[in-house]
Every structure is written in C-alpha cells, then in structure tokens.
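See structure below.
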Amino acid sequence: MSMFHFHCPGCAAPMAVADAERVGKLCGRCEAARTWESLPPGIQETIDTAVRRGNMPGLFAMREALPSFGIPQAMDLLMFRHAALGLDGSV
C-alpha cells in the first residue's frame with residue numbers, strides 16, 4: 001500500500017495517509033480543536049463534566065450533543081479534552 005506523506009496544515013505534525021484525498025487535511029488533534037471551538041459554551045461544559053466522570057460518560061455526552069458525530073471524531077475529541085483537562089489520557 002502506498003502512503004502519502006505531508007505535514008498537518010494546522011500544527012505541522014508529520015502525517016502519512018493511504019488515501020490521496022486526505023493529503024493536506026488537518027490531523028485529528030487540530031480537527032478536534034476546531035470542533036471544540038465551534039461548540040457553544042453550554043455544550044462544552046456538559047462534555048467536560050462528563051469526561052471528568054470517565055470515557056464512556058464523555059462519549060455519551062458527545063453523542064447526545066453531536067448526534068452526527070462519528071466514533072473516530074469522538075475519540076479524537078475525547079483525547080483532546082483529556083489533555084486540556086490534565087487527565088491521565090488513558091482512552
């Protein structure tokens with residue numbers, strides 16, 4: 001399988017993707033940051049409260065607040081919030 005190498009346009013992290021259409025796209029962390037910034041403060045607070053209680057409550061809160069949100073995006077957002085909240089990061 002051929003891999004395409006590039007740097008994330010948001011943070012310059014090196015990336016490799018198998019799908020040429022993904023070249024030049026943001027990495028998961030930058031996408032999560034963009035998603036987080038677009039959420040209303042009330043939803044941010046609800047998600048953070050749930051994430052502090054654990055991974056599953058955090059994922060359930062995201063699913064309620066963002067029904068069209070897929071698992072890969074939710075996992076990226078969960079990891080992003082773990083880092084921002086200073087949690088242990090075990091996702």
Side-chain angles (χ1 to χ4, degrees):
M1 177 187 296
S2 179
M3 297 298 286
F4 301 92
H5 298 270
F6 66 100
H7 288 88
C8 171
C11 66
M15 296 183 58
V17 295
D19 182 1
E21 290 183 22
R22 295 265 317 134
V23 172
K25 304 278 180 163
L26 293 173
C27 68
R29 181 171 172 76
C30 288
E31 273 295 330
R34 177 184 283 177
T35 298
W36 185 254
E37 292 166 3
S38 73
L39 296 175
I43 291 177
Q44 289 178 345
E45 184 178 332
T46 298
I47 291 172
D48 275 353
T49 299
V51 168
R52 285 185 185 98
R53 291 194 321 258
N55 293 335
M56 292 310 293
L59 290 171
F60 287 136
M62 287 177 211
R63 184 70 181 150
E64 263 186 47
L66 311 161
S68 63
F69 218 47
I71 293 295
Q73 296 86 3
M75 291 302 294
D76 286 343
L77 187 57
L78 185 64
M79 290 172 48
F80 176 76
R81 294 317 300 155
H82 267 259
L85 297 170
L87 301 174
D88 69 7
S90 57
V91 177

Would you mind writing out the side-chain donor-acceptor pairs for residues 19-37 within the sub-3.5 Å range, not counting sequence neighbours?
from: Asp19; atom 1: OD1; to: Glu21; atom 2: N; distance (Å): 3.1
from: Thr35; atom 1: OG1; to: Glu31; atom 2: O; distance (Å): 3.0

Donor-acceptor pairs are to be reported for all side-chain atoms of residues 60-72 against protein atoms at under 3.5 Å, with residues two or more places apart or in another chain.
from: Arg63; atom 1: NH1; to: Pro67; atom 2: O; distance (Å): 2.4
from: Arg63; atom 1: NH1; to: Phe69; atom 2: O; distance (Å): 3.3

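Summarising the geometry, atom CE belonging to Met15 is positioned 11.5 Å from atom NE2 belonging to His5; distances are rounded to the nearest 0.5 Å.
Judged as a salt bridge (charged side-chain N to carboxylate O under 4.0 Å, His left out), the pairs with a partner in residues 65-86 (not counting sequence neighbours) are, in order, Asp48-Arg81.
Placement of Val17 and Met75 in two distinct hydrophobic clusters is found when ILVMFWY residues are connected by side-chain heavy-atom separations under 4.5 Å, directly or transitively.
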